[in-house]
Amino acid sequence: QIVVRGGLTGSAITADTIVLEEVLDATVDAASSTQPRLRAPVSIGENVERFAPILAQAVRFTILATNNGAEPCLDELEVFSTAADGRPARNVALASAGARVTVSGTLAGFDIHQLEHINDGQHGNSRSWISNTAGSGWVEVTLADPTLIDRITWGRDRELKYLDRLATRYVIEAADS
């Protein structure tokens, strides 16, 4: 049960954001716990999605909405292996690492916005992919081998020149086969 009350009078409350955090450790005193950490809003530059390590063969980035309703644009989709045994994390989504990419569709007529730019290791609008559907689209990266991953990094334009076509609602999914 959640009860929200305003001041001494119990008046109505409005808020732009309400953050709820589940406390999994029963020994933690709720009164002394720290504030939940808020994720930074998405940006046209670099966005980092961190999660507990999972075994993945493929990763799908599905865009549900953009900041201006236009076809979404990604300059690179990077999937990082978990650092272990003295080995640093590495971008296993690169074409040069054997990863393959499929997409929902590509905006026609623009050589700079192509499927192969999604995982070529180069950032910026001039080496990006744009969906052929206003406000939505998906990119799927199939890794060369099942890999333990813990981070995905993506951007609209890491050169910070273009503000449009930014994914603002999206889902990231992984499959292990």
Side-chain angles (χ1 to χ4, degrees), residues 19 21-25 36-67 71-107 110-133 135-162 165-177:
V19 178
E21 180 179 41
E22 182 178 11
V23 177
L24 298 176
D25 184 351
R37 289 180 293 163
L38 297 177
R39 182 195 184 283
V42 295
S43 96
I44 60 168
E46 184 176 77
N47 298 282
V48 179
E49 315 292 345
R50 294 182 188 278
F51 43 86
I54 57 171
L55 184 65
Q57 176 71 65
V59 172
R60 180 177 278 211
F61 187 96
T62 303
I63 300 161
L64 305 170
T66 61
N67 64 340
E71 299 86 348
C73 178
L74 293 175
D75 73 351
E76 193 79 6
L77 183 60
E78 301 164 327
V79 179
F80 287 91
S81 63
T82 303
D85 300 324
R87 290 186 321 256
R90 63 185 184 89
N91 180 4
V92 294
L94 288 167
S96 61
R100 297 180 324 276
V101 178
T102 54
V103 295
S104 55
T106 300
L107 186 65
F110 297 91
D111 290 341
I112 65 171
H113 304 300
Q114 297 298 313
L115 157 75
E116 59 269 14
H117 297 167
I118 265 299
N119 67 337
D120 63 359
Q122 299 182 49
H123 300 146
N125 187 69
S126 64
R127 298 286 301 178
S128 64
W129 164 79
I130 295 182
S131 170
N132 64 347
T133 305
S136 67
W138 56 263
V139 173
E140 186 170 306
V141 178
T142 302
L143 308 177
D145 297 297
T147 306
L148 199 60
I149 63 170
D150 63 1
R151 176 173 39 122
I152 293 171
T153 304
W154 64 277
R156 185 280 178 243
D157 176 19
R158 286 181 243 195
E159 294 175 342
L160 307 178
K161 294 179 182 174
Y162 294 89
R165 305 180 185 276
L166 173 65
T168 54
R169 280 194 328 121
Y170 54 90
V171 175
I172 299 173
E173 301 167 289
D176 61 5
S177 59

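Computation of the quantities below employed the complete heavy-atom set of this structure, encompassing side-chain atoms and omitting hydrogens, waters and symmetry-equivalent molecules. Computed from a predicted structure; not experimentally measured.
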Student: So does Leu107 get a backbone contact from the side chain of Asn132, meaning a donor-acceptor N/O pair under 3.5 Å?
Tutor: no
Student: Distance-only, no hydrogens or angles: does the Asn91 side chain make a donor-acceptor pair with backbone N or O of Val79 under 3.5 Å?
Tutor: yes
Student: Any chance you could measure Leu77, atom CG, to Asn119, atom CG, to the nearest 0.5 Å?
Tutor: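 Here the rounded value is 8.5 Å.
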Student: Tell me whether Thr147 contacts the main-chain N or O of Ile149 through its side chain, where contact means a donor paired with an acceptor under 3.5 Å.
Tutor: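 No; zero donor-acceptor contacts below 3.5 Å.
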Student: Under a plain distance cut-off of 3.5 Å, with no hydrogens placed, do Ser128 and His117 share a side-chain donor-acceptor pair?
Tutor: no
Student: Does Tyr170 offer a backbone N or O that forms a donor-acceptor pair with the side chain of Thr62 under 3.5 Å?
Tutor: no
Student: Give a yes or no answer on whether the side chain of Asp85 reaches the backbone of Arg87 with a donor-acceptor pair at less than 3.5 Å.
Tutor: no
Student: Looking at every heavy atom in both Pro53 and Thr82, which two are closest together, and how far apart are they?
Tutor: CB-OG1, 3.8 Å
Student: Do any N or O atoms from the side chain of Asp157 and from the backbone of Ile44 form a donor-acceptor pair under 3.5 angstrom?
Tutor: no
Student: Roughly how far, to the nearest 0.5 Å, is the CD1 atom of Ile130 from the CG atom of Leu115?
Tutor: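 Answer rounded to 0.5 Å: 13.5 Å.
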Student: Donor-acceptor check, side chain of Ser81 to backbone of Arg90, threshold 3.5 angstrom: yes or no?
Tutor: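 Pair found, side chain donor or acceptor close to backbone of Arg90.
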Student: Check the side chains of Trp129 and Glu116 for a donor-acceptor pair under 3.5 angstrom, ignoring hydrogens and angles.
Tutor: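 No pair is found: no donor N or O on one side chain lies under 3.5 Å from an acceptor on the other.
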Student: Salt bridge check, Glu49 against Arg151: does any charged N sit closer than 4.0 Å to a carboxylate O?
Tutor: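 No, Arg151 and Glu49 are not salt-bridged.
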Student: Less than 6.0 Å separating the ring centroids of Phe61 and Trp138?
Tutor: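 Not under 6.0 Å, so no.
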Student: With His123 as reference, evaluate Glu76, Glu46, Glu78 under the side-chain hydrogen bond (donor to acceptor under 3.5 Å, both in side chains) test and give the passing residue.
Tutor: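 Exactly one candidate clears the test, Glu78.
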Student: Mark yes or no for whether Asn125, through its side chain, and Asp75, through its backbone, hold a donor-acceptor pair below 3.5 Å.
Tutor: no
Student: Measure the spacing between OG of Ser126 and CD of Glu159 and express it to the nearest 0.5 Å.
Tutor: 5.5 Å
Student: Side chain of Arg156, backbone of Leu74: donor and acceptor closer than 3.5 Å?
Tutor: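 Absent.
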Student: Quick one: are Val101 and Val141 in side-chain contact, heavy atoms under 4.5 Å?
Tutor: yes
Student: Check whether any side-chain N or O of Glu140 sits under 3.5 Å from a backbone N or O of Val59 as a donor-acceptor pair, and report yes or no.
Tutor: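 It does not hold such a pair.
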